[in-house]
Protein chains: 2
Amino acid sequence: MQNSPTDGKTRARGRPRAFDREAALARATRLFWEKGYAATSIADLTEAMEIGAPSLYAAFGSKEALYVEALGHYRDTTEDLVWADFLAADTAREAVKALLMDSAAALTGCLADMPTGCMVTLSAAGSEGNAELGALVRAARAVGFERLRDRLERGREEGEIPASVDLDALARFVQTLQNGMSILARDGASRAELEGVADVAMLGWDARVGV
Amino acid sequence: MQNSPTDGKTRARGRPRAFDREAALARATRLFWEKGYAATSIADLTEAMEIGAPSLYAAFGSKEALYVEALGHYRDTTEDLVWADFLAADTAREAVKALLMDSAAALTGCLADMPTGCMVTLSAAGSEGNAELGALVRAARAVGFERLRDRLERGREEGEIPASVDLDALARFVQTLQNGMSILARDGASRAELEGVADVAMLGWDARVGV
DNA sequence: GGAATTATGTAGCGATCGATGCAGAATTCT
DNA sequence: AGAATTCTGCATCGATCGCTACATAATTCC
């Protein structure tokens with residue numbers, strides 16, 4: 001957790017790090033994303049990051065700490081792809097539609113050179129025996145639900161959604177779809193196929209939020 | 001893959017097996033179900049199955065072969081819980097509703113003493129480096145889609161669903177929901193919460209299959 | 001009662017797991 | 001220049017990985 005040599009203008013003492021910490025983290029993130037926590041070995045990581053094991057441990061602490069940083073890097077680099085349009089939408093309906101459509105594109109790797117599926121959604125770190133990482137990814141998954149819930153709440157306040165609608169259930173419905181899309185994407189579903197799922201979901205919107 | 005001592009009336013030669021093969025397989029299935037393929041070690045398995053490693057290898061061949069058998073055992077013991085009502089329903093609408101409702105119950109462990117989430121849906125064996133097991137679980141996941149697709153096709157033939165409806169997209173939509181429910185269940189969602197998701201989904205049915 | 005066959009328990013195989021000790025190299029501070 | 005500091009590559013740690021050789025126990029066949 002030391003400062004990078006390029007932090008500010010002051011140079012750290014001692015021998016400077018010979019690799020780009022961010023680039024190495026990006027490669028580790030991709031590997032964890034593709035294979036999961038337990039199935040990714042230190043040897044896999046050092047090979048992909050092109051550094052020695054002692055350098056990995058000096059820079060990141062441990063495999064577990066590296067995974068935590070990888071989750072942060074994942075959020076920093078992919079969150080906007082899926083949530084930007086959602087947050088900018090004028091109505092809850094348009095927000096949900098944008099979320100599902102952008103998810104269809106992002107999860108199939110159409111928006112950037114990235115693995116398919118969501119790293120957080122597909123992470124089984126919790127079931128793999130590591131309780132702390134399990135709590136972390138579960139918390140990360142809960143963030144999506146909260147965002148949805150808040151946006152629907154705003155829709156109710158603005159008169160877009162009747163008070164009779166169960167917002168929790170509706171938010172969980174959208175979250176369920178988004179989660180399920182990750183699994184279809186990992187199985188090879190195309191962007192068009194996932195957009196078709198989103199279309200079907202939105203066709204029922206008026207029936208769900210009406211009355 | 002030898003015959004069990006209790007197969008038929010003839011007793012196998014040699015020393016009889018000292019454990020119940022089916023019971024041991026059931027315990028192995030539960031462990032793979034909970035932890036996944038890669039994160040479950042032979043030591044974990046032998047402890048849960050209460051047998052020695054040589055007995056495990058004599059009876060099941062290898063960790064990989066045991067996982068294949070566990071997938072079969074899982075199918076044999078849980079498939080009906082989720083698909084029986086679907087297959088017996090009179091209409092495509094009722095079939096889909098039954099599938100989602102029964103999934104809500106089964107995936108939260110309400111129908112039997114079992115782990116939460118679907119073993120097949122949540123299996124990351126494909127991403128964990130084992131290509132053969134990956135193809136196997138992917139094929140198992142595809143079965144659900146085919147069942148849905150076929151039932152919707154029948155609904156079209158029987159006049160329940162208009163010809164204008166994209167059956168592939170609709171089937172994929174239901175499959176996406178069912179997949180997503182496994183992840184919510186693994187994160188602790190209740191049966192009522194998942195039934196709420198199913199309710200929301202069904203509220204949009206007429207809007208989706210109409211016109 | 002052997003001979004043949006199969007299962008069990010101990011003990012350990014080579015390989016890989018996550019993680020480190022250590023010597024030397026590269027840099028800053030004084 | 002020399003001390004202090006930090007990173008790198010080599011070698012390896014003890015633990016665990018999936019798996020098995022071997023001797024012994026338990027059974028059927030002859």
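Chain letters run A, B, ... following the sequence lines, proteins first and then strands; every chain starts at 1. Quick caveat, the model's predicted, so the values are computed rather than measured.
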*Kindly indicate, with the supporting measurements, whether the criterion side chain to side chain donor-acceptor pair (under 3.5 Å) is fulfilled by T40(B) and Y67(B).*
CA-CA 10 Å; T40(B) 303; Y67(B) 188 78; over 6 Å; no
Nearest whole Å is fine: how far is [N] [atom2] from [X] [atom1]?
| X | N | atom1 | atom2 | answer |
| --- | --- | --- | --- | --- |
| R13(B) | dA4(C) | CZ | P | 10 Å |
| F19(A) | dC7(D) | CZ | C1' | 9 Å |
| E50(B) | dG9(C) | CD | C1' | 15 Å |
| I51(A) | dC10(D) | CD1 | P | 14 Å |

*Which distance, rounded to the nearest 0.5 Å, do you find between the CD1 of I42(A) and the OG of S62(A)?*
8.0 Å
*At what distance, to the nearest 0.5 angstrom, does CG of L170(A) lie from CZ of R151(A)?*
12.0 Å
*More 5' along DNA chain C: G14(B) or A18(B), using each one's nearest nucleotide?*
G14(B)
Counting only pairs under 3.5 Å, give me each side-chain donor-acceptor contact of residues 172-181 of chain A, with atom names and distances, residues two or more places apart or in other chains.
unit_1: R172(A); atom_1: NH2; unit_2: E193(B); atom_2: OE2; d: 3.4
unit_1: T176(A); atom_1: OG1; unit_2: R172(A); atom_2: O; d: 2.6
unit_1: Q178(A); atom_1: NE2; unit_2: S103(A); atom_2: OG; d: 3.1

*asked:* Tell me whether D113(A) is salt-bridged to R30(A), with the criterion being a basic N under 4.0 Å from an acidic carboxylate O.
replied: yes
_The single option from T78(B), T116(B), V120(B), L122(B) passing side-chain contact (heavy atoms from CB on, under 4.5 Å) against W33(B)_ = T78(B)
*Do F32(B) and M119(B) come within less than 4.5 Å of each other through their side chains, counting heavy atoms only?*
yes
*asked:* Between the opening five pairs and the closing five pairs of the helix from dG1(C)-dC30(D) to dT30(C)-dA1(D), how far apart are the helix axes, to 10°?
replied: 0°
*What do you reckon, is CD of E79(A) surrounded by more than 12 foreign heavy atoms closer than 6.0 Å?*
yes
*Closer than 4.0 Å, any side-chain N/O of S55(B) to the OP1 or OP2 of dA7(C)?*
no
*Give the B/S/- string for nucleotides 15-24 of chain C, one per nucleotide from 5' to 3', where a protein heavy atom under 4.0 Å of the base yields B, of only the sugar-phosphate yields S, and otherwise -.*
--SSBBB--B
